[in-house]
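Below, each value reflects all heavy atoms present in this structure, side chains not excepted, and no hydrogens, waters or symmetry copies. None of these values were measured; they are calculated from a predicted model.
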Amino acid sequence: MSAGGADRDGAELVLPPVPGSVHSARRFVLARCRQLVVDPGTAEDLVLLTSEVVTNAIIHGRSEVRLRVLAGQGRLRIEVADENSRHPQLPGEDADALDGRGVRILDELAARWGVRDERYGKTVWFELRSG
């Protein structure tokens with residue numbers, strides 16, 4: 001696992017496609033929230049949503065995962081990139097479904113979220129209000 005440095009745009013971490021990377025992603029986001037003095041409830045939501053999106057990237061992306069934390073203009077933004085171009089889909093209302101719950105949680109908690117196509121793969125991003 002290698003960590004990129006913080007730059008003017010935010011902080012970045014590159015994670016291998018293994019289950020333990022979810023824990024590393026959670027720790028990284030929580031540490032960044034502490035640096036930015038994010039209120040505990042918002043930090044908790046950021047960490048939960050990061051877990052869901054990074055888990056999906058590891059399961060479906062099957063590549064390194066690039067995690068980025070950005071702050072500005074009253075919003076906190078998390079970006080998770082992988083090399084799979086398939087976009088996550090919001091599932092139907094099947095309460096017994098075994099997958100898709102992470103996207104539903106993302107849709108319910110995030111102020112905004114979306115997917116940006118990249119040359120190789122995609123970036124799933126979400127935002128929460130920071131104030």
Side-chain angles (χ1 to χ4, degrees):
M1 169 174 58
S2 64
D7 59 26
R8 69 178 181 81
D9 294 326
E12 187 172 321
L13 181 67
V14 178
L15 300 159
V18 297
S21 289
V22 176
H23 181 69
S24 298
R26 292 172 64 91
R27 280 195 333 253
F28 180 74
V29 169
L30 187 57
R32 186 70 175 136
C33 286
R34 288 182 180 138
Q35 290 173 339
L36 296 169
V37 191
V38 174
D39 74 83
T42 300
E44 185 177 309
D45 287 347
L46 282 168
V47 169
L48 170 64
L49 293 176
T50 297
S51 292
E52 297 296 338
V53 177
V54 169
T55 297
N56 283 347
I58 289 168
I59 291 170
H60 302 291
R62 299 186 185 116
S63 67
E64 283 188 334
V65 175
R66 292 167 310 284
L67 170 63
R68 204 160 175 208
V69 181
L70 306 159
Q73 301 178 352
R75 291 190 183 263
L76 296 160
R77 182 179 178 116
I78 304 288
E79 296 182 348
V80 177
D82 65 55
E83 294 178 9
N84 185 327
S85 61
R86 188 171 149 238
H87 288 208
Q89 300 294 316
L90 192 60
E93 293 293 327
D94 182 2
D96 295 325
L98 296 176
D99 59 0
R101 291 184 183 180
V103 178
R104 176 137 335 269
I105 292 168
L106 178 64
D107 194 57
E108 289 177 11
L109 291 180
R112 296 182 337 138
W113 74 277
V115 181
R116 181 176 67 239
D117 290 318
E118 304 291 353
R119 183 172 182 187
Y120 298 104
K122 67 177 172 309
T123 297
V124 176
W125 60 268
F126 62 88
E127 294 179 345
L128 294 178
R129 290 177 188 81
S130 64

Test log, rule side chain to side chain contact (heavy atoms under 4.5 Å, CB included), inputs V65 and V80: CA-CA 7 Å; V65 175; V80 177; 3.5 Å; yes
Step-by-step side chain to side chain contact (heavy atoms under 4.5 Å, CB included) determination, W113 to V103: CA-CA 10 Å; W113 74 277; V103 178; 3.9 Å; yes
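Contact of the P88 side chain with the H60 side chain is not registered, since no non-hydrogen atoms from C-beta on lie closer than 4.5 Å. Considering only heavy atoms from C-beta on, W125 stays 4.5 Å or farther from R68 through its side chain. The closest side-chain heavy-atom distance from T50 to L67 is below 4.5 Å. The side-chain heavy atoms of L106 and E52, taken from C-beta on, include no pair separated by under 4.5 Å. Counting heavy atoms from C-beta outward, I78 and L49 have side chains that stay 4.5 Å or more apart. Contact check for H87 versus D117: side-chain heavy atoms found under the 4.5 Å cut-off. Under the 4.5 Å side-chain criterion, counting only non-hydrogen atoms from C-beta, S51 is in contact with R26.
In the model, T123 has no side-chain atom that pairs as donor or acceptor with a side-chain atom of E79 under 3.5 Å.
Under the 4.5 Å side-chain contact rule for hydrophobic residues, V115 and I105 share a cluster. L90 and V124 fall within a single hydrophobic cluster, where Ile, Leu, Val, Met, Phe, Trp and Tyr are joined by side-chain heavy atoms under 4.5 Å apart, directly or via other members. In this structure, V53 is not a member of the same hydrophobic cluster as I59, with clusters built from ILVMFWY side-chain heavy atoms closer than 4.5 Å.
Atom CD of E44 sits in a sparse spot, with 12 or fewer heavy atoms from other residues, nucleotides or ligands closer than 6.0 Å. The environment of CZ in R116 is crowded: more than 12 heavy-atom neighbours from other residues, nucleotides or ligands sit within 6.0 Å.
With rounding to the nearest 0.5 Å, the separation of CZ in R27 from CG in L13 is 9.0 Å. The CZ atom of R62 lies 12.5 Å from the CD atom of E83; values are rounded to the nearest 0.5 Å. Here CG of D82 is found 11.5 Å from CG of L15. Values are rounded to the nearest 0.5 Å. To the nearest 0.5 angstrom, F126 atom CZ is 13.0 Å from R112 atom CZ.
Classification of R66 and E64 as a salt-bridged pair fails, no side-chain N sitting under 4.0 Å from a carboxylate O.
Nearest heavy-atom pair, L128 versus A110, reported as atom, atom and distance to 0.1 Å: CD2-CA, 3.7 Å. Contact record, A43 with V38: N-CG1, 3.7 Å, taken as the closest heavy-atom pair. Here the closest heavy-atom approach between residue R75 and residue A111 is recorded as NH1-CB, 3.5 Å. When all heavy atoms of L76 and A71 are compared, the pair lying nearest together is CD2-CB, 3.7 Å. The nearest pair of heavy atoms linking S21 to I58 is CB-CD1, 3.8 Å.
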